[in-house]
Amino acid sequence: MEKEIPKIRVVDTETRQVLFECQLDEADKAYQYAAGLEEMGLSVDVINPTLSETLTDSLGLSNEDRRKYEASLEEEIEHHDGSCCFEDPADKKVH
């Protein structure tokens, strides 16, 4: 079975029907297409896979493993205040 390559999709907001799709490196095409549809009065969403989605897809993780990975990312973000390399204006130090 061939693995599906993640794509950017333009979908109708109401019906969720896919109106256009393209490769990740062609994002400008998706946004141009969506802009044209919006000029015609259609309401659309551009769905661009996240880095974690493309990573879990490429690794072939099961749905359960994908949920565990996403949960671990959320936990890491919640427990990480700011950046490792930020400037504290109070003491003028780079942390």
Side-chain angles (χ1 to χ4, degrees):
M1 183 167 81
E2 190 173 320
K3 198 181 332 178
E4 183 179 327
I5 298 171
K7 295 183 179 180
I8 299 173
R9 292 179 170 83
V10 177
V11 298
D12 183 282
T13 303
E14 292 181 24
T15 65
R16 305 312 294 167
Q17 178 182 1
V18 177
L19 304 173
F20 179 81
E21 65 182 15
C22 62
Q23 302 297 322
L24 296 176
D25 60 350
E26 300 176 319
D28 55 330
K29 289 182 182 179
Y31 288 101
Q32 289 173 356
Y33 188 81
L37 293 175
E38 288 176 342
E39 284 179 12
M40 294 188 310
L42 294 175
S43 180
V44 296
D45 294 320
V46 178
I47 301 173
N48 195 344
T50 65
L51 180 60
S52 63
E53 289 171 335
T54 57
L55 174 63
T56 56
D57 283 345
S58 67
L59 293 174
L61 297 182
S62 67
N63 287 337
E64 183 176 338
D65 287 339
R66 182 185 304 242
R67 282 192 293 276
K68 287 178 185 177
Y69 176 74
E70 292 289 338
S72 73
L73 280 179
E74 288 178 26
E75 183 178 339
E76 179 66 28
I77 291 168
E78 287 175 9
H79 290 92
H80 190 71
D81 293 331
S83 172
C84 297
C85 303
F86 69 94
E87 283 192 34
D88 185 348
D91 60 10
K92 303 288 184 201
K93 292 181 184 175
V94 176
H95 297 267

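Since we're looking at a predicted model, the values are computed, not measured.
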Original post:
If you look at every heavy atom in Ala34 and Val10, which pair is closest and at what distance?
Top reply: CB-CG1, 4.1 Å

**OP:** List the atom of Tyr69, the atom of Ser52, and the distance in Å for their closest heavy-atom pair.
**Re:** CE2-CB, 3.7 Å

Roughly how far apart are [X] [atom1] and [Y] [atom2], rounded to 0.5 Å?
X     : Y     : atom1 : atom2 : answer
Lys68 : Glu75 : NZ    : CD    : 13.5 Å
Ile47 : Lys7  : CD1   : NZ    : 14.5 Å
Arg9  : Asn48 : CZ    : CG    : 11.0 Å
Glu21 : Tyr33 : CD    : OH    : 11.5 Å

Original post:
Hey, are Arg66 and Glu70 close enough for a salt bridge, meaning a charged N less than 4.0 Å from a carboxylate O?
Top reply: no

**OP:** Please collect all side chain to side chain donor-acceptor pair (under 3.5 Å) contacts where either partner lies in residues 34-43, sequence neighbours excluded, each pair once.
**Re:** Thr13-Ser43

Do you reckon [X] sits in the same ILVMFWY cluster as [Y], going by side-chain contacts under 4.5 Å, direct or chained?
X     : Y     : value
Val11 : Leu24 : no
Leu55 : Leu51 : no
Tyr31 : Val44 : yes
Leu42 : Val18 : no

Original post:
With sequence neighbours excluded, what pairs up with Gln32 under the side-chain hydrogen bond (donor to acceptor under 3.5 Å, both in side chains) test?
Top reply: none

Subject >> For Gln23, side-chain hydrogen bond (donor to acceptor under 3.5 Å, both in side chains) partners two or more places apart >> reply: none

